[in-house]
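This report refers to the structure that appears directly beneath it.
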Amino acid sequence: MFVVGLTGGIGSGKSTVANLFAIRGVTLVDTDVIAHRITAPQGIAMPHIAAEFGEEFVAADGSLDRARMRSLVFSDETALKRLEAITHPLIRAETEREQREAQGPYVIVVVPLLVESGTWKDRVNRVLIVDCTVETQIARVINRNGFSRDEVLAIIARQATREARLAAATEVIFNENMPFEELEAQVAAMHELYLSLAQG
Ligand code: ADP
């Protein structure tokens with residue numbers, strides 16, 4: 001299967017762009033959705049998390065106690081590594097399974113940390129970056145999530161820089177001051193490109 005990795009910083013417009021591909025019939029594989037599913041009740045990561053961290057990290061419904069885990073990994077870098085050692089291989093396996101089962105000439109895998117997490121780049125045929133200025137990211141996330149400016153800046157500081165992301169791109173959508181119709185037209189053009197690359 002021909003695989004397009006879609007990424008961008010928080011608030012860049014990844015989800016918006018991904019949805020525009022989806023309405024053109026492209027199958028989306030979303031690694032955030034998978035990460036959430038494997039730690040939901042009966043999620044395949046949960047027995048491993050219980051064994052590694054203890055039953056106190058499992059909520060009454062069998063899902064991950066997210067607040068408890070968040071506060072642990074926030075102050076303990078090794079705990080974050082132990083958690084990721086469980087979740088990353090499972091997310092990778094589930095992503096590959098969904099890619100294999102996908103219909104259509106190509107699939108888009110949405111990976112928020114594609115550039116940050118080394119090995120992803122080798123597992124996709126193309127890298128589509130949704131880019132915008134940091135000021136626009138801040139304004140959108142304040143508007144969408146009600147976060148403070150400092151909270152958004154702290155998240156951006158933990159992500160790759162625009163430069164690092166753009167260096168990894170095979171295609172870029174500069175989603176800045178972009179009317180929706182224009183964004184749709186750019187997605188339509190990318191879709192044609194990916195169709196021809198996938199078939200060629
Ligand atoms: P991401 O998934 O990268 O965090 P989203 O797609 O959720 O970003 O977009 C962040 C916010 O900005 C959303 O509220 C979205 O509706 C808005 N947004 C995205 N692109 C545009 C645009 N071109 N014009 C206006 N608002 C936009």
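Scope of the values below: all heavy atoms of this structure, side chains included, with no hydrogens, waters or symmetry mates. We count ligands from 1, going down the list as the structure has it; atoms in each ligand are counted the same way.
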Closest approach of any protein heavy atom to atom 8 (O) of ligand 1, naming residue and atom:
G13 N, 3.2 Å

Could you tell me whether E94 and R37 make a salt bridge, using a distance below 4.0 angstrom between a side-chain N and a carboxylate O?
yes

Donor-acceptor contact below 3.5 Å, side chain E116 vs main chain Q159
no

So which heavy atom in the protein is nearest atom 20 (N) of ligand 1, and how far is it from that ligand atom?
N175 ND2, 2.9 Å

Could you verify whether a donor N or O on one side chain and an acceptor N or O on the other, from S148 and D150, lie under 3.5 Å apart?
no

Can you tell me how far apart CD (E171) and CE (M190) are? Round to the nearest 0.5 Å.
6.0 Å

Min over R140, Q186, M178 of heavy-atom distance to atom 27 (C) of ligand 1 lands on R140

Exercise check, heavy-atom protein proximity under 4.0 Å to atom 25 (C) of ligand 1:
no

I'd like to know whether T31 forms a side chain to side chain donor-acceptor pair (under 3.5 Å) with R92, so could you lay out the CA-CA distance, the side-chain angles of the two residues, the decisive distance to 0.1 Å, and finally the verdict.
CA-CA 8 Å; T31 55; R92 174 192 286 228; over 6 Å; no

Exercise: do S12 and R140 side chains pair donor with acceptor under 3.5 Å:
no

Considering only non-hydrogen protein atoms, determine which one is nearest to atom 19 (C) of ligand 1 and report residue, atom name and distance to 0.1 Å.
T16 OG1, 3.6 Å

Looking only at non-hydrogen atoms, the one of R144, E176, E182 nearest atom 13 (C) of ligand 1 is R144

For ligand 1, is A18 a contact, meaning one of its heavy atoms is under 4.0 Å away?
no

Nearest neighbour in protein (non-hydrogen) for atom 2 (O) of ligand 1
S15 OG, 2.6 Å

4.0 Å heavy-atom contact, G8 with ligand 1:
no

Residues R100, E96: salt bridge by 4.0 Å N-O rule:
no

Does any N or O atom in G11 lie less than 3.5 angstrom from one in ligand 1, N or O only?
yes

With heavy atoms of G9 as the reference, note each atom of ligand 1 found under 4.0 Å away.
3 (O)

D131 and R162 ion-paired at < 4.0 Å:
yes

